[in-house]
Amino acid sequence: MFVKKVFLWGGVAFLIYFVAFRPDGAAQVCRSVGGGLMAMAQGMGDFLTGLTT
């Protein structure tokens with residue numbers, strides 16, 4: 001349980017550091033993740049459309 005808390009707080013600290021000192025890099029990561037999520041949603045929508053036609 002202790003190790004899990006250490007990793008969680010370490011991840012939060014890294015996230016704050018990354019956003020504070022590398023905002024352009026953090027924005028690019030968010031854009032990439034958002035683009036990937038949109039592609040997955042589009043694929044799921046295409047799949048469901050294919051099932052109904």
**OP:** Could you grab the distance from atom CG of Leu51 to atom CG of Asp46, nearest 0.5 Å is fine?
**Re:** 11.0 Å

Original post:
How would you list, by chain and number, every residue that makes a ring pair (Phe, Tyr, Trp, His ring centres under 6.0 Å) with Phe14, sequence neighbours excluded?
Top reply: Phe18

Original post:
Sequence neighbours excluded, which residues qualify as side-chain hydrogen bond (donor to acceptor under 3.5 Å, both in side chains) partners of Asp24?
Top reply: none

Original post:
Hey, quick one: are Val12 and Val3 part of the same hydrophobic cluster, counting side-chain heavy atoms closer than 4.5 Å, chains of contacts allowed?
Top reply: no

Original post:
Which ring pair (Phe, Tyr, Trp, His ring centres under 6.0 Å) pairs, counting each pair once, include a residue from residues 19-53, with sequence neighbours left out?
Top reply: Tyr17-Phe21

Original post:
Nearest 0.5 Å, what's the OG1-CD distance between Thr49 and Gln42?
Top reply: 8.5 Å

